[in-house]
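Data first, discussion second: the structure below is written as structure tokens.
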Amino acid sequence: MVPSTMSSAQENRSFVAQETSDDFEDEKPIAASRLVRTQVLSIRGSHANSDDSKDDKPIATARQLVKPSQDSEDDDDDDDKPLSSRLLLTPKSKGEKRKRKRPLDHKADSSPKRPKVSHACSSTSTLKITEEKDDDEDDDLIPISQRIKEPTLLTEKKAMKVGSSSTRKPIKKGQNGLKLSSCPKSTNVLPSSNDGQKKWKTLVHNGVMFPPPYEPHGVKMMYEGKPVDLSPEQEEVATMYAVMKDTDYVQKKQTFRNNFWNDWRKLLGENHVIRRLDGCDFTPIYEWCMKEKENRKQMSREEKKAAGAEKKKQEEKYAWAFVDGEKEIVGRFRVEPPALFRGRGEHPKSGKVKRRILPSDVTINIGQDAPVPECPVPGERWKEARHDDTVTWLAFWTDPITPKKFKYVYLGESSSLKIESDQKKYENARMLKDYIGKIRADYSRDFTSKDCAKRQIAVATYLIDKLALRAGNEKGEEEADTVGCCTLKVEHVKAIAPNSLEFNFLGKDSIRYQNTVEVEVPVYKEIRQFQAGKRGGDDLFDKLDASRLNAHLKQQMPGLTAKVFRTYNASITLDDLLNKEIKDKADLTEKVAVYNHANKEVAIICNHQRTISKSHEEQMSKLMEKIGGLRDNLKELKTELKRAKRGKSQPLTDADGKKRKRNSTPAELEKKIAQKTADIENMEMGMRTKEDLKTVALGTSKLNYLDPRITVAWCKRNQVPIQKMFNTTQLRKFAWAMAADPDFRF
DNA sequence: AAACTCACTTAGCAAACCCCAG
DNA sequence: CTGGGGTTTGCTAAGTGAGTTT
């Protein structure tokens with residue numbers, strides 16, 4: 001549990017809550033709805049929750065209290081602590097903490113004791129789980145952790161990977177492959193014999209799956225009251241639009257409608273009867289689609305089963321690949337079907353028609369010795385087949401909307417290749433523990449450097465470190481206008497005397513980041529200085545971009561980039577929160593709540609949001625109603641108890657409305673009352689959590705930022721079954737972490 | 001050193017699925 | 001046995017950051 005040291009954090013929160021969005025009037029519909037959301041997020045805690053103190057502290061806000069200046073001077077000891085806690089330390093807790101050293105760092109946990117095994121061997125066992133698909137059922141009951149015999153392959157590979165990053169030489173068409181084919185088929189080669197950039201030796205797969213060709217339905221839409229004939233191609237696109245009838249895209253976004261109309265008009269041709277989108281009525285098509293959907297839902301159980309099985313069968317062919325002889329699951333192997341582009345936020349291309357991808361758009365990557373998969377569309381052929389062993393993709397095509405971007409087909413999350421890089425990511429982030437003290441000292445020093453570029457690097461690094469901001473690469477004209485740290489505009493930050501900064505900008509996916517933070521005085525001063533004499537739309541960091549920043553970070557620690565801070569911050573926060581004392585006799589539910597609370601804190605740091613579900617309010621009031629009912633019951637029970645004690649008779653129905661034959665004894669009533677009270681408490685707790693999480697997305701951090709070994713270790717220490725924390729997919733992805741030592745610390 | 005290319009991770013939403021109270 | 005609510009899975013957009021080209 002988080003100590004309740006946040007009375008002032010609450011103050012801050014309400015402060016943030018008061019901030020209006022006046023400055024951001026130009027919000028477009030979608031972004032505007034987000035804004036509401038974020039506000040709710042920031043206010044969270046000021047609403048009814050009674051025991052807020054233990055439950056509700058958006059980290060970002062909590063951090064406002066921080067006086068990081070201390071960090072750099074006096075506390076190497078603190079450096080491996082999450083910001084949240086470092087920053088919040090009261091003198092007392094700080095003293096406490098100093099005594100509580102981390103248990104001897106189980107450096108890289110990865111089983112130094114374990115005898116080295118050949119790559120092929122170890123990966124076989126690691127993959128056990130992923131292969132279940134075929135012949136599952138049999139060992140489903142065995143906890144996953146036990147099914148994994150050889151938990152990690154990192155150790156062996158790590159040695160050779162260090163420092164290899166600089167040497168990547170993309171292999172050009174035609175010149176590659178040859179070396180590859182000269183490799184022996186055997187996979188029983190120690191990875192250390194690898195040169196460090198090759199991702200595989202042999203690669204076999206069946207290519208990608210294409211959506212079926214369009215089948216015209218012939219339903220006529222209306223134009224100015226009259227039915228219209230459309231060619232299949234025209235109808236296909238009209239249908240895409242029709243089915244989106246009641247989305248915000250169609251309803252609220254002019255860009256979407258315009259872009260759609262422009263593209264569709266081209267398909268309609270010069271002198272088509274349809275001249276304007278406004279005159280179009282797509283409802284007949286919409287309704288036909290809805291009916292189809294309904295029909296599909298109405299299929300009998302067997303029919304559905306059969307259809308499902310058929311689908312599985314078709315997919316089976318594409319679902320697997322063999323990498324160095326090992327069977328691996330393939331990720332998304334379907335090419336994207338034609339659709340209307342749904343750009344997030346205020347995307348200038350939103351609504352454009354994304355054309356159908358054909359085999360001639362697709363490049364296949366496959367082992368030199370493997371047969372190039374047969375093109376699944378008769379009469380067509382692949383654009384190209386490559387044999388590039390320095391990359392992990394199996395296929396790609398260029399995105400019709402943004403021809404500079406590629407869409408790739410990769411192996412699945414539980415594949416060795418993905419697992420390996422996931423492990424590397426976390427080890428890299430853990431390394432930051434050893435450097436963070438110096439890094440913080442350095443940037444603190446540079447706040448006052450004479451070199452303006454240096455000061456900008458220092459301040460940016462500070463923000464990335466403290467607020468877990470993204471790097472902020474340069475973006476093109478043709479994309480939604482969002483920013484990260486290096487691309488912040490003057491208008492996104494408001495300096496509030498004496499030393500606070502109010503951030504308000506749209507980040508990745510046009511999710512609003514809104515937070516007011518107390519910062520070190522030099523940072524505050526510098527921000528004001530960077531803003532001086534500039535207009536709102538000017539770059540805050542005019543001497544800086546993400547690659548310069550990363551170049552600098554790279555000097556501070558090998559492998560360090562801006563995003564590593566996010567991983568580091570997320571994981572170390574979880575680790576820290578989970579290692580605070582837990583109530584001795586906490587039951588399973590409480591323990592799970594502790595974990596989820598920690599998870600939530602991380603999600604808030606990383607600003608992982610979600611839209612409030614449409615039915616949220618409704619559901620809440622339903623719950624309220626239920627609780628109200630229970631309360632009434634409780635009251636009745638209590639009066640009954642009084643009566644019973646006085647020996648008087650009770651009504652013929654009990655509090656639950658059931659008929660009864662005899663009066664309950666006081667003891668029975670007491671028991672019922674206790675039960676009811678507990679029920680009410682549980683429901684209230686559930687409601688609070690629900691309300692609390694309505695705008696917070698826990699999944700993203702769990703999947704991408706939190707070292708699974710922290711969770712595994714915590715589960716082991718607290719006798720919590722890992723299945724409580726990870727679902728099957730997650731267990732599969734994190735299988736490698738199941739053997740983590742209970743003492744593992746990030 | 002800016003602009004561009006490429007590969008790979010991270011992200012939220014929506015459809016599908018699943019489970020259980022009524 | 002049904003509907004609705006939570007959970008999982010699928011989907012694809014949108015980032016990061018490397019390396020190359022100009």
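These numbers come from a predicted model, not from an experiment. Every chain is numbered from 1, with letters handed out A, B, ... down the list of sequences.
Within the 4.0 angstrom heavy-atom criterion, no nucleotide atom of any strand lies near A/G699. Counting any heavy atom pair closer than 4.0 Å across all strands shown, A/R296 reaches no nucleic acid atom. Counting any heavy atom pair closer than 4.0 Å across all strands shown, A/P403 reaches no nucleic acid atom. Counting any heavy atom pair closer than 4.0 Å across all strands shown, A/Y410 reaches a base atom. Note on A/S615: nothing from the nucleic acid sits closer than 4.0 angstrom, heavy atoms only. Residue-level contact check: A/R332 touches the bases, meaning some heavy atom is under 4.0 Å from a base atom. Residue contacts shown for A/K349 are absent, as no nucleic acid heavy atom lies under 4.0 Å away. Among the protein residues, A/S421 comes within range of the sugar-phosphate backbone only, with heavy atoms under 4.0 Å from sugar or phosphate atoms but none that close to a base. Using a 4.0 Å heavy-atom cutoff across all strands shown, A/A562 reaches sugar-phosphate atoms only and no base atom. Within 4.0 Å of A/K293, counting heavy atoms only, lies no atom of the nucleic acid at all. At a threshold of 4.0 angstrom between heavy atoms, the contacts of A/G472 are confined to the sugar-phosphate backbone, with no base atom among them. The residue A/K563 sits close only to the backbone: its heavy atoms come under 4.0 Å of sugar-phosphate atoms, none of a base. If you check every strand for non-hydrogen atoms under 4.0 Å, A/Q619 touches sugar and phosphate atoms only.
Geometric assessment of A/K352 against the ring of A/F341 yields a negative cation-pi assignment under the 6.0 Å and 45° thresholds.
Residue A/K508 places a side-chain atom within donor-acceptor reach of the base of B/dT10, judged by atom type and a 3.5 Å distance cut-off alone.
Of the residues near DNA chain C, A/D399 and A/K554, the one whose nearest nucleotide (by heavy atom distance) lies more toward the 5' end is A/D399. Where A/K405 and A/R334 each meet DNA chain C at their nearest nucleotide, the meeting point lying more 5' is that of A/R334. Sequence order on DNA chain B of the closest nucleotides to A/T247 and A/E413 puts A/E413 first from the 5' end.
A/Y249 and A/R342 share no donor-acceptor pair across their side chains, judged by distance under 3.5 Å alone.
Taking a 6.0 Å sphere around NZ of A/K383, one finds it holds 12 or fewer heavy atoms contributed by other residues, nucleotides or ligands. Open room surrounds CE on A/M624; 12 or fewer heavy atoms of other groups in view lie less than 6.0 Å from it.
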